[in-house]
Each structure stands twice: as structure tokens, then as C-alpha cells.
Amino acid sequence: MIEARHLRVLRAVAATGSFSAAGRELGCTQPAVSQQMKALEASVGTPLLIRSGREMRLTQAGEALVRHAAGIIAGLTAAEEEVAAIAGLRAGRVRLVSFPSGSSTLVPTALAALRAAHPGTRVSLEEAEPPQSVEMLREGDCDVALAFRYEGAAGGGDEWDDLVVRPLLRDRLVALVPERHRLARAGSVAIGELAREPWIAGCPRCRGQLVEVCEGAGFTPRIDFATDDYPAVVGLVGAGLGVAVLPQLAIESVRPRGARTVTLEPAVRREIVALTLPDLAQVPAVAATLDQLERAAGRKQP
């Protein structure tokens with residue numbers, strides 16, 4: 001029989017390229033990794049690795065097994081958690097990945113409520129922007145991914161078809177300008193009115209959306225600075241070095257000193273969702289996490 005622990009070792013070896021590196025990642029010795037790989041090859045009855053000097057690569061069978069490993073491990077995790085819940089154990093573990101503005105706004109409220117309701121449930125948090133966070137979920141490196149996509153973005157309609165999607169909220173983008181800017185006290189602003197301004201852009205996905213929206217308004221933005229750090233964006237705008245467009249959640253997570261927010265017209269929004277794998281959606285701790293994220297998002301709705 002194929003054992004889950006052997007599959008985890010195989011994935012680590014495939015990812016790192018050596019037994020010693022896999023051992024360091026898994027917290028075990030190189031001989032232990034070698035023994036588990038031999039046991040796995042004996043179980044499946046065929047070689048999974050080709051060793052040539054210091055190099056190591058997967059056989060065709062090894063590639064097939066690695067390809068299926070994430071789904072197999074997710075299924076086993078779901079089974080273990082559900083059996084534990086049926087047996088009356090009040091425990092669980094959830095690995096959550098979130099983008100930064102979600103981490104500072106939705107996640108704290110959700111996790112505080114989850115801990116109060118289920119004190120035995122352990123949640124770890126790691127930050128990553130989509131699409132990296134979504135790939136981490138598909139690869140079995142997390143259980144829940146907080147992600148977003150922009151409404152009307154090209155090719156975005158079916159990117160999550162293989163996942164369970166829990167809609168949370170629609171986050172409107174706002175313009176951010178220096179407080180002494182000519183439009184700082186405007187009730188609203190069309191993005192075309194900022195065509196001649198220098199821009200500060202955000203994460204790669206946000207940057208792509210900015211360029212798409214600006215080009216739709218008839219101009220290409222002159223991006224002088226680009227940073228994934230929202231406080232840095234606010235600081236650069238506050239210092240008069242340019243303008244930016246940020247999601248409302250990002251504004252909530254920082255104090256915009258020296259800068260003012262202005263409503264952007266027409267409205268541009270991003271859809272914020274919580275994602276998980278179909279098998280993991282049945283795990284009680286994962287389902288509870290999704291529920292609390294949805295409740296936290298409900299408090300943010302206008």
C-alpha cells in the first residue's frame with residue numbers, strides 16, 4: 001500500500017532535487033528519506049527516481065505519482081479530520097494563506113471568532129498574493145486561500161473551476177492622491193483625470209489591472225514606483241511622488257498620512273473569496289474557518 005508519509009517524502013525529493021535537501025525540509029535525516037523512498041518504490045513495484053551522480057530526476061512513474069500526490073494527501077487529510085470529528089475530538093488544524101490587506105482586516109476578526117468557538121483548532125497564517133496563493137492550495141501547501149480577482153478581468157471566469165469558492169465581498173478601488181493635490185477634495189474622480197500624473201503601482205496582479213483600466217480610459221500610466229507594500233504606497237503618495245489606486249481594504253489597514261482618498265468613477269471592484277479543495281471543504285475545521293471568514297466579510301459590507 002502507498003502511505004501518505006511516503007508521498008510527502010516523494011514530493012519533497014521532487015521539489016528539492018536531493019535526499020539531503022528533502023530531509024532538511026522535512027526535519028529528518030538523509031538515510032531516513034532514502035529508506036522511505038525505497039519502501040515506496042517497493043510498494044508500487046517500479047523505480048520512481050533515477051540517480052546519476054549528484055543529480056536526481058523522476059521516472060515517468062514518479063512524475064505520475066507526484067502529480068496525484070496533492071489530491072491523495074488532501075483526501076487522506078479530509079478522512080482523518082472527519083473521523084476525528086465523528087469520534088468526538090475537538091481538535092483541528094487549518095493552514096491559511098492570505099493576501100496582505102486581507103490578513104490585516106478580515107483574518108484577525110475571523111480567527112478571533114474561530115478561537116472563541118473552537119479553542120482546540122489551530123490555525124497557521126502565511127501571506128501570498130494570487131495566483132501564488134491559489135497554486136499553493138492546489139499543490140497541497142495550504143488548506144484555505146484568501147484570494148481576489150478583478151471584475152471583468154480577461155480570462156478570469158474559469159480560473160477557479162476546480163475549487164470550492166466561498167464569495168466574501170466586493171472591494172471597491174479608490175484613488176489616493178497627495179493631500180495638496182488639485183483633486184484632493186473632489187467628491188469623485190474619473191481615472192482619466194489622472195492621466196498625466198506619475199503613478200505608484202502595487203502587486204503584479206493589481207499593477208496589471210491598473211494598466212488595463214487606464215488603457216480603457218485612453219492612456220497608459222507612467223509608473224514611477226512599484227511596491228507590494230501598501231504602507232509604502234501611501235507614504236510615496238503622501239510625499240507627493242505620485243498617485244495610486246488602492247482597494248478599500250488596503251486603505252483600512254494603513255493610516256494615509258499626507259494623502260487623501262477620492263471615490264473612483266466608474267467603479268472598479270475586486271471580488272474577494274475564500275478558496276479550498278473539494279475534499280477539504282468537508283473537514284470541520286476548514287468549514288468553520290470559511291464560515292468565520294464569511295461572517296467577518298459581512299461586517300465589512302457597506
Side-chain angles (χ1 to χ4, degrees), residues 98-107 127 129-131 133 146-157 159 167-179 181-238 241-274 296-302:
S98 173
F99 53 93
S101 59
S103 298
S104 60
T105 53
L106 300 178
V107 170
E127 286 194 343
E129 298 274 1
S133 57
L146 203 61
F148 63 86
R149 62 185 171 191
Y150 287 95
E151 294 179 348
E159 61 179 328
L168 298 181
L169 59 83
R170 282 176 166 77
D171 187 21
R172 182 167 180 163
L173 272 62
V174 296
L176 190 68
V177 301
E179 60 184 8
H181 191 274
R182 57 188 173 83
L183 297 172
R185 287 174 171 75
S188 63
V189 61
I191 199 165
E193 295 181 70
L194 301 170
R196 296 183 180 277
E197 303 286 344
W199 286 83
I200 295 98
C203 71
R205 176 166 281 204
C206 299
R207 200 175 311 151
Q209 177 66 13
L210 169 65
V211 172
E212 186 176 318
V213 170
C214 291
E215 288 181 344
F219 73 97
T220 299
R222 191 192 94 199
I223 298 174
D224 284 1
F225 305 97
T227 173
D228 294 350
D229 185 68
Y230 287 131
V233 173
V234 172
L236 290 166
V237 173
L241 295 173
V243 300
V245 169
L246 291 180
Q248 186 64 47
L249 276 186
I251 298 296
E252 290 183 21
S253 64
V254 296
R255 183 178 297 177
R257 294 177 178 173
R260 288 184 177 271
T261 58
V262 183
T263 301
L264 194 63
E265 297 290 355
V268 179
R269 296 181 178 88
R270 61 177 184 172
E271 179 189 10
I272 296 177
V273 301
R299 298 187 184 102
K300 296 290 184 183
Q301 297 283 12

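Every heavy atom of this structure was used, including side-chain atoms; hydrogens, water molecules and symmetry mates were not.
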Does the side-chain contact (heavy atoms from CB on, under 4.5 Å) test come out yes or no for Val237 and Ile200, once each step is laid out?
CA-CA 7 Å; Val237 173; Ile200 295 98; 3.9 Å; yes

Working note: Ile191 + Cys214, criterion side-chain contact (heavy atoms from CB on, under 4.5 Å); need CA distance, chi angles, decisive distance, verdict.
CA-CA 7 Å; Ile191 199 165; Cys214 291; 3.8 Å; yes

Begin from the C-alpha positions of Val243 and Leu183 and carry the test side-chain contact (heavy atoms from CB on, under 4.5 Å) through to its verdict.
CA-CA 11 Å; Val243 300; Leu183 297 172; over 6 Å; no

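Rounded to the nearest 0.5 angstrom, Phe148 CZ and Arg205 CZ are separated by 6.5 Å. Of the inter-residue distances, the one linking Leu168 atom CG with Ile272 atom CD1 reads 7.5 Å to the nearest 0.5 angstrom.
Side-chain atoms of Glu265 and Ser188 include no donor-acceptor pair closer than 3.5 Å.
When every heavy atom of Val262 is checked against every heavy atom of Ala184, the shortest pair comes out as CG2-O, 4.0 Å. Contact record, Gly202 with Arg207: O-NH2, 2.7 Å, taken as the closest heavy-atom pair. Minimum interatomic distance between Pro221 and Leu210 (heavy atoms only, all atoms of both residues): CG-CG, 4.5 Å. Here the closest heavy-atom approach between residue Val273 and residue Pro167 is recorded as CG1-CA, 4.0 Å. Among all heavy-atom pairs drawn from Phe99 and Leu146, the shortest one is CD2-O, 3.3 Å.
Looking at heavy atoms from C-beta onward, Pro204 lies in side-chain contact with Asp228 at the 4.5 angstrom threshold. Counting heavy atoms from C-beta on, the side chains of Val189 and Leu264 come closer than 4.5 Å. Using a 4.5 Å cut-off on side-chain heavy atoms (C-beta onward), Leu246 and Thr261 make no contact.
Heavy atoms from other residues, nucleotides or ligands lying under 6.0 Å from CZ of Arg185 number 12 at most.
Contact check on Glu193 versus Arg182 returns no salt bridge, with no Lys/Arg side-chain nitrogen under 4.0 Å from an Asp/Glu carboxylate oxygen. Salt-bridge annotation for Arg260 and Glu179: absent, with no side-chain N of the basic residue lying under 4.0 Å from a carboxylate O of the acidic one.
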